Amino acid sequence: MKSLVVKHHFPGRIRFNVKELKDYSDIATWVKTSLMAIQGILQVRVNDSAHSIVIEYDTDVLSADVVEVRLAQLDLTQSEAEESEHEFTRGDVAMNVIGTISAALLPNKWGAMTTATLIAPTLFEGIKDLSDRHVSVEVLDAIAVGLSAWRGDYRTAMMTQSLISLGEYMEQKTCRNSDQLLADLMRPKETTVWLVEGTLRKQVSSNDLEAGDLIELGPGTAIPVDGTIISGTALINQSSLTGESVPVRREESSKVYSGTTLHDGTIQISVDKVGSEATTAKIAKLIYDSLSEKSEIQQVTQEMANRRVKITLGIGAAVFVLTQDINRVASVFLVDYSCALKLSTPVTFKSIMYRAAQQGILFKGGGAIEKLHKIDTCVFDKTGTLTHGEMEVVDVVPLCCRNNARDLLAIAASVEEHSNHPLSQAVVNAAKHCELPHIEHGEVEYVIAHGLKSTLNEHALVMGSRHFLETHENVDFSESEATIRDYELKGRHLVFISHQHKLVGMIGLRDHLREDAMLTLQALRSFGVNELIMITGDRHHKAQLLGDELQLDRIYSEAVPSQKSDIVESLKNEGKNVMFVGDGVNDAPALSAADVGVAMCRGTELARQVADVVLLKDTLYGIAEARELADVAMRMISTNIKLAEYVNSGIMLAAALGYLSPTMSALLHNGTTLSILGRSAALRHQ
């Protein structure tokens, strides 16, 4: 945007005149969601007719100058048009209520003037839709209000107009509150990074970074800033920005962006932009897609609403032909099914999304809620979901006479501290707990999905999986088979260590079953999930021990990351509605392939981005709560549809038989609509 003019400004609120808006129509939603992706933006209102944008912002996070710069950076040529409606405010409702009082108390001609002024927007909207050959609820509202005004019944016309504006305001307010909260939750989260200051490195919050800082990032970490690589080479997963599923290679002097994920390698980055200045275009796209997505049931009720408009018009015409009674016709036209049908479904979804967020669950759109309600099979990736991501060292086993357990753990921790992998961190934490010294070693190479390579006393030092050491490093395991088997039978996860291509020891770790795992699985079964499945890379014996403890229906053991999405696809081919629960970078394909993907709280940024549901608290029971909330939402929608059909049918029959005056018909119909909307909105706080 180039032609920005600040019309009004005081701290926390600024109004811009944007002449370019006159060249674009129906982009208000796109502008709002694009700006909502910026940290510190609280509310956005776009007035197409006045070509203005009002932005409310947090003065502790943003300044007016930054707000203006970020607005100027929006490229309207990239905007997406979406039909939008007038944004009702409390002022609109108040004016219509005042108009209703005026119509009742003032002389007829003065009542006519105020009524004509206030109902004009409704009439114009209906005429516009009719001229476009679109028979909508706006057409019905225009006919109902216009017919009352034409008959000189200004009180009924204004009462109807007031109830329409109140209903619209309630819906929009519910949606605005939910949208703002969801936008806040979908922005990149605070992370901990290594800040490099000369020869020193210290961990700091990403929120404390400033332009010019130098940070170091390792595999699996989310990049929290826009910056330039100063040293190192890495594979960067940019799918959140570009949609590319294959990580791209980035070397010294290359640019990296906030919201992407470091897939492999270790790099040092000079910070260019932080916070609200960092890349937000694709974050805005994520928010836009999540909040504008219409579920299947929402589309169905929208179609039902449009059909009911035609039914109401047809019944009104039939009543006029049979009775020639204009009062009856007015009474019939003031009743329609579509308001409650059209509005209650999105309000229900928004209310449940708001309530879920308050409980630590993020639903990305109504579609996620609807699909979650249909789930009958749940697949868990074991580590980080059924078990805690953090593992604990319980055994340090030297396998040659040259090292004791303390020496072996010290050597391992000195190398493992260069990796962010949970196993590495567990080894480092164990060494810290024992206050072991750092052992000097050579440069460390991270071999993805296998382990770490370094040198000790100028000889090869390798640690990682048995497959890695045995197949890739030609380490002989034959002399230690019996010892290894004993620890595997205990269910230990083993990290092997070789020096000079000879097996010198192993470290046994165990993961902790989440305290709420059994309760969560029982709750899911009670909510209609018939089959519970676990995928793990563990050996079959170890996996079966956990599966028996949790009473799982199926177990896929010794699975490699690439198999997870294949397993999900095979279950879907069996006709099952599948939910996959994971937390790692390699879970992203399975999360995408499932009917519903659920990312754990401590999941990687990539997992959180591709999932349909994100748990914001580190508890497994959130999955059961999410399913329960989805069931609540769908029951409410079903009940609302029935209420709208039965109650409005009764009102319309009474109106057609002449038992209801237009005023009473409008009051009962709009009261019913508001009651149904109220039921949906009340879900936010139950």
Side-chain angles (χ1 to χ4, degrees), residues 37 39 186-196 201 203-207 209 211-275 277-286 418-422 424 443-453 561-562 564-565 582-592 597 599 602-611 614:
Q39 184 180 5
M186 277 187 270
R187 295 190 187 110
K189 302 297 181 291
E190 175 185 4
T191 58
T192 300
V193 298
W194 286 103
L195 177 66
V196 180
R201 296 162 70 249
Q203 287 190 314
V204 300
S205 167
S206 59
N207 288 347
L209 295 175
D213 283 345
L214 184 65
I215 61 174
E216 184 173 290
L217 301 176
T221 57
I223 299 176
V225 298
D226 288 1
T228 305
I229 297 178
I230 300 301
S231 66
T233 302
L235 291 177
I236 306 293
N237 194 314
Q238 300 187 140
S239 60
S240 59
L241 296 183
T242 65
E244 297 174 284
S245 59
V246 179
V248 295
R249 183 182 177 88
R250 290 291 179 261
E251 301 174 339
E252 187 175 327
S253 301
S254 298
K255 295 288 185 181
V256 294
Y257 300 99
S258 171
T260 59
T261 303
L262 184 58
H263 190 79
D264 194 11
T266 300
I267 54 177
Q268 290 190 346
I269 299 172
S270 175
V271 177
D272 296 335
K273 296 179 181 179
V274 297
E277 290 297 296
T279 301
T280 56
K282 292 298 177 179
I283 300 166
K285 176 65 174 172
L286 171 65
H418 294 273
S419 170
N420 290 317
H421 194 282
S424 300
E443 290 292 323
V444 176
E445 177 187 356
Y446 174 76
V447 183
I448 189 167
H450 288 305
L452 298 168
K453 298 175 68 174
S562 59
K564 295 178 184 178
S565 59
D583 69 335
V585 171
N586 56 34
D587 291 332
L591 288 166
S592 299
R602 296 189 179 183
T604 62
E605 190 70 22
L606 180 58
R608 294 164 67 91
Q609 287 168 354
V610 301
V614 179

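This one's a predicted model, so the numbers in the text were calculated from it and none came from an experiment.
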Peer 1: Could you tell me which residues satisfy salt bridge (charged side-chain N to carboxylate O under 4.0 Å, His left out) with D272, sequence neighbours excluded, listed by chain and number?
Peer 2: K255

Peer 1: Please report the closest heavy-atom contact between S424 and L452, naming both atoms and the distance.
Peer 2: OG-CD1, 4.4 Å

Peer 1: Rounded to the nearest 0.5 Å, what separates atom CG in L209 from atom CD1 in I269?
Peer 2: 10.0 Å

Peer 1: Distance from L195 atom CG to I215 atom CD1, nearest 0.5 Å?
Peer 2: 8.5 Å

Peer 1: Report yes if the side chains of S419 and V444 come closer than 4.5 Å at any heavy-atom pair, otherwise no.
Peer 2: no

Peer 1: Between G232 and I229, which heavy-atom pair has the shortest distance, and what is it?
Peer 2: O-CG2, 3.6 Å

Peer 1: Who passes side-chain contact (heavy atoms from CB on, under 4.5 Å) against L214, sequence neighbours left out?
Peer 2: V196, I230, Q268

Peer 1: List the steps and the verdict of side chain to side chain contact (heavy atoms under 4.5 Å, CB included) for T233 and R249.
Peer 2: CA-CA 7 Å; T233 302; R249 183 182 177 88; 3.4 Å; yes

Peer 1: Show the nearest heavy-atom pair for residues I267 and A234, with the distance to one decimal.
Peer 2: CG2-CB, 3.6 Å

Peer 1: Which residues satisfy the side-chain hydrogen bond (donor to acceptor under 3.5 Å, both in side chains) test with E252, sequence neighbours excluded?
Peer 2: none

Peer 1: Starting at CD1 of I236, measure out to CG of L217 and round the result to the nearest 0.5 Å.
Peer 2: 8.0 Å

Peer 1: Once rounded to the nearest 0.5 Å, what's the spacing between atom NE2 of H418 and atom CD of E216?
Peer 2: 9.0 Å

Peer 1: For E443, what residues pass the side-chain contact (heavy atoms from CB on, under 4.5 Å) criterion, not counting sequence neighbours?
Peer 2: none

Peer 1: Just jot down the side-chain contact (heavy atoms from CB on, under 4.5 Å) partners of S592, sequence neighbours excluded, or say none.
Peer 2: V610

Peer 1: Of the non-hydrogen atoms in D226 and Y257, which two are nearest, and what is the gap between them?
Peer 2: OD1-CA, 3.5 Å

Peer 1: Could you tell me which residues satisfy side-chain hydrogen bond (donor to acceptor under 3.5 Å, both in side chains) with T266, sequence neighbours excluded, listed by chain and number?
Peer 2: none

